[in-house]
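These notes concern the structure reproduced below.
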Amino acid sequence: MARHYLDSLDRKILQLIANDARTPFLEVARECNVSGAAIHQRIQKLTSLGVLKGSQFIIDPEKIGYEACAYVELYLKDPSTFDDVVEKLRLIPEVTECHFTTGGCDMFIKLYARNNHHLLNIIHDKLQPLGLSRSETIVSFNAAIDRQLPIIDDEEEQEEPIEEKA
């Protein structure tokens, strides 16, 4: 696999657009002292390498009626059904993340519910039928930190290269 290290221009571009993906390319170009075409090419390159996974508007769940955020450890009766369970979880719109984990549980999910009653219904009616032996739920009251990872400024600090998809 070809390897690609982020150079200083890549890092500067990422720093600028990470804060606001709607920043015009020409504004990014001015900040970086390069042409708009150069920024466009770099954005395309970073996207094709998988560094950028797209841009999106971020909706505040609470503002649209989802007042409860919960993290749920799922323990499967039969761990060989893992892939099937993940596909079924994709069909539950309240589930926003699913992680493969170490430790005792088989998977760890994040979900949003309108309230505690709705949370109970999701767990009882949508999660338990997936073949769980049990689940453990942690309700989040508030995200004290919710941010993107920082872009490393110093090239020498970046130890791991970004692998290009073959």
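Bear in mind the structure is a predicted one, so any value in this text is a computation, not a measurement.
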Testing the basics here: between [X] and [Y], what is the closest heavy-atom pair and its distance to 0.1 Å?
| X | Y | result |
| --- | --- | --- |
| Ile122 | Tyr112 | CD1-O, 3.8 Å |
| Ala21 | Ser55 | CB-CB, 3.7 Å |
| Glu73 | Cys105 | CB-CB, 3.8 Å |
| Glu87 | Arg90 | OE2-NE, 3.1 Å |
| Cys98 | Met107 | SG-SD, 4.0 Å |

Does [X] share a hydrophobic cluster with [Y], counting links as ILVMFWY side-chain heavy atoms below 4.5 Å and allowing steps through other members?
| X | Y | value |
| --- | --- | --- |
| Leu91 | Tyr66 | no |
| Leu111 | Tyr75 | no |
| Ile13 | Ile151 | yes |
| Val85 | Phe100 | yes |
| Ile109 | Val139 | yes |

Measuring from atom [atom1] of [X] to atom [atom2] of [Y], what distance do you get when rounded to the nearest 0.5 angstrom?
| X | Y | atom1 | atom2 | result |
| --- | --- | --- | --- | --- |
| Lys88 | Leu130 | NZ | CG | 6.5 Å |
| Arg11 | Leu16 | CZ | CG | 13.0 Å |
| Ile39 | Lys12 | CD1 | NZ | 10.5 Å |
| Cys32 | Phe25 | SG | CZ | 11.5 Å |
| Gln44 | Leu52 | CD | CG | 11.5 Å |
| Ile64 | Glu62 | CD1 | CD | 11.0 Å |

Minimum side-chain heavy-atom gap [X]-[Y] below 4.5 Å:
| X | Y | answer |
| --- | --- | --- |
| Arg42 | Asp7 | yes |
| Val28 | Ile43 | no |
| Leu6 | Leu46 | yes |
| Leu127 | Leu89 | yes |
| Leu76 | Leu132 | yes |

Heavy-atom count around [X] [atom1] within 6.0 Å, excluding the residue itself: above 12?
| X | atom1 | answer |
| --- | --- | --- |
| Asp146 | CG | no |
| Gln128 | CD | yes |
| Asn116 | CG | no |
| Ile59 | CD1 | no |
| Gln148 | CD | no |

Exercise. Are the side chain of Ser35 and the backbone N or O of Ala38 linked by a donor-acceptor pair below 3.5 Å?
Worked result: yes

Exercise. Within the side chain of Asp20, is there an N or O that forms a donor-acceptor pair under 3.5 Å with the backbone of Arg22?
Worked result: yes

For this session: Measure up the Phe108 and His99 rings against each other and bin them: parallel (under 30°), tilted (30 to 60°), perpendicular (over 60°).
Result: tilted

